[in-house]
Structure formats: C-alpha cells, structure tokens
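We name chains A, B, ... by the order of the sequence lines, and we start the count at 1 in each one.
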Amino acid sequence: MSLKERYDFREIEKKWRQRWAEQELYAVEDFSARPKFYCLEMFPYPSGKLHMGHIRNYSIGDVLARFKTMQGYNVLHPMGWDAFGLPAENAAIKHGNIHPADWTMANIRTMREQLKQLGVSYDWRREIATCHPGYYKWTQWLFLQLYHRGLAYRKKAAVNWCPSCTTVLANEQVIGAGVCERCKTEVEKRELEQWFFKITDYAQRLLDDLQLLTGWPEKVKIMQENWIGRSEGAEIRFPVAGMNEEITVFTTRPDTVFGVTYMVLAPEHPLVEKLIAGRAQAQAVRSFVREVSRLSEINRTAADAEKTGLFTGASCLNPLTGEQVPILVANYVLLEYGTGAVMGVPAHDQRDFEFARKYNLPVRVVIQPPGEELDPATMTEAYVGEGIMVNSGVFNGLPNQEGIRAVIKYLEEKGLGRGRVNYRLRDWLISRQRYWGAPIPIVYCDRCGIVPVPEKDLPVMLPYDVAFKPTGQSPLADCPDFLHADCPACGGPARRETDTMDTFMCSSWYYYRYTSPREEAAAWDKAKVDHWLPVDQYIGGVEHAILHLLYSRFFTKVLYDLGLVSNVEPFTNLLTQGMVLKDGAKMSKSKGNIVSPEEIIETYGADTARLFILFAAPPERDLEWSDQGVEGCSRFLNRVWRLVAPLAEELPAAPSIPAGELTGVNREMRRLTHQTIKKVTEDIAVRFNFNTAVSAIMELVNGLYQYREVPAADRDPAVLREAVESLLLLLAPFAPFIAEELWQGTGHRGSIHKQSWPEYDPAALVEEEVTIVVQINGRVRDRVVVPRGISTDEMVDRVLAQPRVRQLTEGKRIKKVIPVPGKLVNIVAS
RNA sequence: GCCGAAGUGGCGGAACUGGCAGACGCGCCGGACUCAAAAUCCGGUGGGGCUCACCCCCCGUGUGGGUUCGACUCCCACCUUCGGCACCA
C-alpha cells in the first residue's frame, strides 16, 4: 500500500469506517482469557443530532476503550438510546403529523450515523433502545420485581406537577426554587394518586456505600450525601391540651427540649383542622392556610421570604415539664420533612428565634455557652453552639452533647419519644401522565383491586395509534383498546394503568442489558452480568450527579437483594466531564453560539474534531470552543502525515530494534520516544489528562522533524522506525483513522487498533548528563551540567567552583547550602 | 445563607511529591521558499529597566499576611467567577 502525498481525511475515514465495520473490528467476546474492562459512556436521548457535549463524552470514552484494548483488556464498549421521553411526544403534539416512535427512530438513525462517522469503537451488535418492546418488556418485569418486594406502591400525595410538560415529576426533577428540570417551568402541587418506589428504604445503604466509591469525584459524592440528607435526633410526642391527640415532632436537638416555648405545625398538617374546630381562630387560620398553600414553592421558599404564622387557639404540653405552650401554624414548617411539626426553641434555633421575636413569644435559655451568660432579653440571635444544660431539671449541668443522649434515653424510658434518624430523601415518584414511556404493568379490577400483570403477559405493548393532546392525562386513557383488559386474577373486566414510567427507570438498568442485549428469556444472562459488572469506567455529564446516578445505585442494590446481580454498586469509577462553551457560555440555540459537529467533521474530519476536543482542556473542566484551535489540530495531523507518508518505503526496510549502544542524536531521539511513551501512558491511565498526552505527542513530532534534519548518514534507521511506530501507536486512540492509514501504509499488516500498547524502556530514559539549577538566596543565578549520578558532595563542589557563583558570593558569608540531588543547589549567603 | 470547584501571558492551557513559572497549541512578529500569495519550513514572543547587539537586573500565578533556604503548590484572612443545595427543625 502506498500513501498519498496529501492527507485526504475524507477518503481515509470513509475507507476505514467501512473496513472496520466489515471486519467487525470492535466486536467483543463475552468471555475471554484477557481481563475484562467495561467502559461505558452515558447513552444519549435521541433528540435529533449529536451536539458537542456528546462528541466530547464519546471521544473521551473512546480514547479509554481503545487504550485499554491495546493494553490487553477485553473491553466492553457499547452504545444505545435512552429513547423514551417527552420531547418525542411534544414534537408529535406540536407538528401533529409525526409519531413519537417515528420521530425517535429517525433521530436514532441520524445519531448512529454520526457516531459511526466519529469513529467510536462500539460493538454495534449490542445496541439497545429503551423504547423497543424487547427492552421495555424487562423494564416492566423489573417494575414487577419491585412491586412483589413491596418496593413499588401507590399513594395519594401532594406531588410536583409541571403544567408545561403536563405530567408529574420526581423530587429530583424539580430544581432550584421549584422549577421543572427539563423546561424550567414553575412547578405546582397537586394531590394525586401515584406510583412510588421506596428508595427511602435504601437511604442508609446509599449513604454508607458512597465510601466504597473511591473512584468517584468527591463533588458527586457530596451532592448525593446532601441529597440523602441524613440527620440524627429524636422524635418527641407532645399531648394536645384538653384533647385526645398528640403532636409528634422530629428534632436534632433533644437537649433543648426544656427551652420549648411554642409548637408549630405546617399549614397542611392533618391535625390543624381538628385543633381549630369550634375556636374563635378557626376562620383566620383557615384563610392563612389557604393563603400559604396558594403560594407556589418558589415564593414560599424564597430565601428572603418572611416567616409568618398564626396561633391556632390550641395548646400542648411539654412532656418533660408538663408546661403548656401555644400551638401555631407557620409557613416555614414543611409538611414533607420530618413529621411536619416543629418544637419552637427560640434561644437555640435561629429560625425559631426570628419567629419568636416577631410574634413576641418567650425565649428561654437552656444551654449556656462556656464563660458567657446568655440573657434572653438582650440576645440578638440564637445560640446554636455547644454548652452546659441549664433550666433543664434533672439534666442541669450536663454538657449538651451528653444531654442529647441522656434526654433520648429518658424519653424512651418514659415512653415519651425515641431516638430517630431522619432523611431528606423522598420516595421516587415514577408515574408519568404521558404516552411515550414504558406502560406500568398493572390493571385495576373492581373486584380484585390492584393486580400486577403476570410475567407471561409482558410486555404490555404501547399501542401505536393514539391521539396526542396535552390534556394532563396519559393519551393511553383515551385509547379503549389499551384501557380495557381482562383481570389476570378473576378474568372479569378491568382497566389498565394508563400512566407510563419515568424514563429514569429505563436508564437505571441499561448497563446490565448490554451484556446480553438480545436475551429473550431474562432481563440479562446472570453469568455475563457477573462477568462484566460493575462498570469499570463510567463517563458522562455532571448534571446526572443525583438523578440518574442515584437511581442506578438504588436499582443495583435492589437487584443485589433479589439475587439478580452480584455487585452492590454499578459504577466503580466515574468521570464527570465539563461543558463545552463558546464565548464563555454554554452552547444553546437561544444564545446562537452553537458549533455543529457535522460541519466540523465535514470540514476537518473526525480525527481533527476528536483531537481538538481532547486537547483543548482536561476532561473534568469546561472546554472553551475555538475555531482556531481546531485549525491547529488539523495542521498537526497534516504535519504527522507529511512526516510519516514519505517514509512508506524506507520504514519497513529498517531494523525494528536499534542495535548496540546509541550516541548523540540517535540516543536523544530514542530517549524522546521513550519519554513520550511514558508520559502518554501515565496521562491516559492515571490522570485522564488527555490534553497533556496530546501535547506530548506533538512534542515527539516536533522532535522527529528536528531529527529529520540530521544528515542521513548520522541517523539510525531503527531509531527512526521505532519513533514513528511509537508515534502512530500513541496517536491511535485519539485519531484512529489517520493512525490506521499510516500504520498500514508503512508496511504493517493488521489493524493498529489490535496492536499492543508500547512500553517504554527505562534504560532509554537515562540521561548521561543533568542540568543543575543554581540558586543564590532562592533566585536562579546559574546552571551547571554535571554527569548523572555524581554524589551530592561532588555536585555541591562543582557548583561552588563555578566562576559565576564565586563572583556572586564574593565577600559574602555562605551560611547554608541546600542540595537537591540531580536537580538544584540553593546557596544561602549574606 | 450552606456546600463544592476554579482564579496563571493577548487566548486555551502546562508545571505530577514545595525546587528553572508559562510545556503544548492558538494568535502575533521576523526569516526562508515564491514573480506574488496561500500552504509549508525555521526562529522569536510575560511585563519593565539597562551602555534596548551581547550580558545583566527588577517585577510577575486574584488580594493581603504567614511558614520555608525556596511557595502557582502549604497555612490564615479576604475578593471574584462558576456549579450544587435552599427555611431540612
């Protein structure tokens, strides 16, 4: 094979794309003698075309997959489609004449083609789409497993409703101060009967096992930790005065219970109506409750929202003192957290303090800070620190940390309360009032109630012919053929569940399906899952830090408990890539700063696009797009071409290993080659710093250009051959097409992507001379070249003997000499 | 408000364990090639000073302190930007 003079990326990329596909170069065996490596990038939602974020994600993943393959691993590197979801349905509603399924499939075709153009080394035989009945059958099956285990349940609750998406949302999908994660519309509350997963049962395990995830960014773990929001404290029951009722509160400060001067309920607390019935305050409280509930989450939780409240007329008794305190309702108490009721301790809680001052409620100090006397009358803020318990009966004198334990013990002994751990995590709402999702496999029978669809009847097929109208009800409810079913239990007439599942359910298990994507008898082949999982490297955007990653962890733990998988965590290592920016801002249609991957690939080729995106910034950081930077990478590949292509004849004729001891330029050239191998290997494997790996390769090319200038007679052909071969091998994961073309064009048989990763020879790195930096009083004043490996004393002697050192230290007293072997000598003189 | 990350040339970024700040790339300047241009190749390029040729000196990694022979790197205080959470009792 001969190589053209000019680098024709179009022809080269097209050729290898076809050949690799024909040869199924990236097909992976299920089991192999080689160690396994599961390299996974987050699969995309097929929204239309790939954007730069995708290109970045898949380029990063491909470098790792190819690198690991060359290092001798059996690498599973699959791709698929998170294919259910709202945009497809919204497109159908908007345009009327396009079906979500057709829209989705068309997008998949486009994006699959783009990924192939990009040259990503996927095993396409394993491609999956979550909207395929062969896939969602198992999504439904998994729902049933959770249902049978009591982890899927239906309940009526105030849920988040997005009026724009006309569906409910999980808590995790409500962001900021109460807006929809997808469309940024303000979310409303609605009372609805919905399906939930009991993720709260797993709160503690999800928290504890974060410790196992040493390969995850600290940032993501902290976000999950905060989201789970564990807090320790106590539950205390306060009897209502004159009624046979009690109010249970959750507090993290049971040591302050003697400082309670009032009680507050959330406006929506079920007891409110009972408390006010027949009282003078009833009307006022009702209108207050209505007023607060009317306000959206956004207004109610705004940072500067003022705390307001109202006396109910009722009182309750402090179970430890017997003292009677008023019960209020207030906007700052949330029904969803804890018990929806709070004991008011103004002296030791800032919110309670502000509230008490506003409504002239008494402040009672029960914790005295060391060396200070708090006076309720003059306090300007709550004291929340440590101290000694006072005004607290038998607990007086106890340090408050001990007090916490003592009070809990006391409560438990007297049956007044108990120690309790509380979590901020809520159960996962999975119902969606939409068509384009996996139907929830449940039927409702008037006689039998809620009946799960038997496994043999799966999948519950999504009908094709439905009317898309944004009614707030699933379009399936208007589809009689779907709606009417026979009850699996009694055979009588029944009604199907018309809600579909949150698409996060589909994406919580897809990485298991890749191991046996066409398996028909089970969700996956257990032996294969046990072999491949957990995923060794997962790569994706940090926006999934909570949603997808938490749900996937939850699913994995459930599957583990069900004996369906053997791993307790799904993803061993996680890499969260930064955003792609243009002019300092995230690329978006509205800002008009989008760079289209299509155009870049058309103009410069896939290799250049990949190289630039990997070179411009380290993966975790945001990347600033630069057209000129792309230009530079294109120039570099051309430079590689012009360097290697003319060697097509010469290279195969050269010996592959340099013979004997090398000297001069040949020795230097070989050292550079091996230094580069070391640097690139470490940058990829240890640090994921692809940008510095690429610059090291560039330096090797620069070095080869220099080497080429040396008279031919002085050059060692074997050194040249080794350098060029190493260059191509190192470049292969980054720019797979040009590396392949040049590899096979320089007389090599077989794909470069099946070659072993080069290893460096430590002996080649050794320099015979090293440059020692000479500092005087910490400032660089000279440099001395000394033989490698001389003793520290000799190094110091040589440095001190330098004319310049003598000159600069003349008339001064040398107080100290600090030698760093092989590197530096600092002389302290005055 | 709380939690987290980041501040380095004209720009993207590098400096791995406290040891030559600015690798590599872009841009810019100069040279070679050319009738000319593009492309390419070679060289220069943080700021300031100086007998602006050589040499040499000073300043310089958000700000102000500190530790150290030596600090982009460690410590304290602060400023700015970005991301997450948001009355969590």
### Query
Between the side chains of Glu668(A) and Tyr707(A), does any donor sit under 3.5 Å from an acceptor?
no
### Task
Side chain of Asn826(A) only, please: which of G12(B), G19(B), C87(B) is the nearest?
G19(B)
### Spacing of the C1' atoms in G18(B) and C74(B) (rounded, Å)
8 Å
### Task
Check every atom of A89(B), G25(B), A14(B) against the side chain of Val333(A) and return the nucleotide holding the closest atom.
A89(B)
### Task
Kindly say whether Pro619(A) contributes a backbone atom to a donor-acceptor pair with the side chain of Arg621(A) at under 3.5 angstrom?
no
### Task
Establish, from distance only, whether the side-chain atoms of Tyr760(A) and Gln675(A) form a donor-acceptor pair under 3.5 Å.
no
### Query
For atom P, what is the distance between C79(B) and A21(B), given to the nearest Å?
31 Å
### Summary
Against the side chain of Arg687(A), the closest entry in G19(B), C41(B), C16(B) is C16(B)
#### Entry: Watson-Crick/G-U partner (both atom distances under 3.5 Å) of C54(B)
none
### Query
For Gln173(A) and Arg182(A), does a side-chain donor sit closer than 3.5 Å to a side-chain acceptor?
no
### Query
When you compare C57(B) with G4(B), how far apart are their C1' atoms, in angstrom units rounded to a whole number?
44 Å
### Task
Ignoring hydrogens and angles, answer whether the base of G19(B) and the side-chain atoms of Gln775(A) contain a donor-acceptor pair closer than 3.5 Å.
yes
### Message
Mind checking if Asn691(A) touches a base, just sugar-phosphate, or nothing, with heavy atoms under 4.0 Å?
### Response
sugar-phosphate
### Query
Can you tell me how far P in C59(B) sits from the matching atom in G64(B), rounded to whole Å?
14 Å
### Task
Please determine, for the side chain of Arg779(A), which listed nucleotide (C58(B), C42(B), C26(B)) has the closest atom?
C58(B)
### Message
Looking at Arg230(A), I'd like to know whether one of its side-chain N or O atoms comes within less than 4.0 Å of OP1 or OP2 on C88(B).
### Response
no
#### Entry: Any Arg635(A) side-chain N or O less than 4.0 Å from OP1/OP2 of C26(B)
yes
### Message
In whole Å, measure the gap between the P atoms of G19(B) and G10(B) for me.
### Response
26 Å
### Query
Regarding Lys307(A) and the six-membered ring of Phe355(A), is the cationic atom NZ or CZ under 6.0 Å from the ring centre and inside 45° of its axis?
no
#### Entry: C16(B): pairing nucleotide in any strand, Watson-Crick or G-U under 3.5 angstrom
none
### Query
Distance between the P atoms of G12(B) and G7(B), in whole angstroms?
12 Å
### Message
Heavy atoms only, 4.0 Å cut-off, all strands: where does Asn702(A) land among base, sugar-phosphate and nothing?
### Response
sugar-phosphate
### Task
Select one nucleotide: of G12(B), C88(B), C57(B), the one nearest the side-chain heavy atoms of Leu334(A).
C88(B)
### Message
Ignoring hydrogens and geometry beyond distance, is the side chain of Lys307(A) in donor-acceptor contact with the base of C87(B) at under 3.5 Å?
### Response
yes
### Message
Any base atoms under 4.0 Å from Gly338(A), or only sugar-phosphate, or nothing? Heavy atoms, all strands.
### Response
nothing
### Query
Closest to the Thr252(A) side chain: A89(B), C69(B), C56(B)?
A89(B)
### Query
Out of C87(B), C88(B), G19(B), which has the shortest distance to the side chain of Tyr332(A)?
C87(B)
### Task
Look at the side-chain N and O atoms of Arg642(A) and state whether any lies under 4.0 Å from the OP1 or OP2 oxygen of C41(B).
yes
### Task
Describe the nucleic acid contact of Ile222(A) in one word from base, sugar-phosphate, nothing, applying a heavy-atom distance below 4.0 Å.
sugar-phosphate
### Task
Evaluate the ring planes of His548(A) and His544(A), with Trp represented by its six-membered ring, and classify them as parallel (under 30°), tilted (30 to 60°) or perpendicular (over 60°).
perpendicular
### Task
Please assess Tyr262(A) against Tyr359(A) for the test ring pair (Phe, Tyr, Trp, His ring centres under 6.0 Å), listing each intermediate value before the final yes or no.
CA-CA 11 Å; Tyr262(A) 63 98; Tyr359(A) 292 102; 9.1 Å; no
### N/O (side chain, Arg621(A)) to phosphate O (OP1/OP2, G83(B)) under 4.0 Å
no
#### Entry: Residue matched to A5(B) through Watson-Crick or wobble contacts both under 3.5 angstrom
U81(B)
### Task
Would you mind classifying the nucleic acid contact of Ser626(A) as base, sugar-phosphate or nothing, using non-hydrogen atoms under 4.0 angstrom?
nothing
### Query
So what does Ser231(A) touch, heavy atoms closer than 4.0 Å: a base, only the sugar-phosphate, or nothing?
sugar-phosphate
### Message
I'd like the C1' distance from C3(B) over to G9(B), given in whole Å.
### Response
33 Å
### Task
Classify the nucleic acid contact of Arg781(A) as base, sugar-phosphate or nothing, counting any heavy atom under 4.0 Å across all strands shown.
sugar-phosphate
#### Entry: Base-pairing mate for U40(B) - Watson-Crick or G-U, with both contacts under 3.5 Å
A32(B)
### Message
Which nucleotide wins on minimum distance to the side chain of Asn331(A), given the candidates C87(B), C41(B), C85(B)?
### Response
C87(B)
### Query
If you look at every strand shown and take non-hydrogen atoms under 4.0 Å, does Asp622(A) touch a base, only sugar-phosphate, or nothing?
sugar-phosphate
### Message
Does Arg708(A) reach a base, just sugar-phosphate, or nothing at all? Heavy atoms under 4.0 Å.
### Response
nothing
#### Entry: Touch class at under 4.0 angstrom, heavy-atom based, for Val773(A) against every strand present
base
### Query
Without hydrogens or angle criteria, can the side chains of Asn702(A) and Arg639(A) be said to hold a donor-acceptor pair below 3.5 Å?
yes
#### Entry: Side chain of Val780(A) - closest among G84(B), A21(B), C26(B)
A21(B)
#### Entry: Pairing partner (Watson-Crick or G-U wobble, both distances under 3.5 angstrom) of C74(B)
G66(B)
### Message
Measuring only the C1' atom in each nucleotide, how far is G62(B) from C72(B)? A whole number of Å is fine.
### Response
12 Å
### Proximal nucleotide (of A89(B), G84(B), G43(B)) relative to the Tyr337(A) side chain
A89(B)
### Contact under 4.0 Å: Lys816(A) side-chain N or O vs C69(B) OP1/OP2
yes
### Message
For a quick check of understanding: with a heavy-atom distance under 4.0 Å over all strands, which category does Lys586(A) fall into, base, sugar-phosphate or nothing?
### Response
nothing
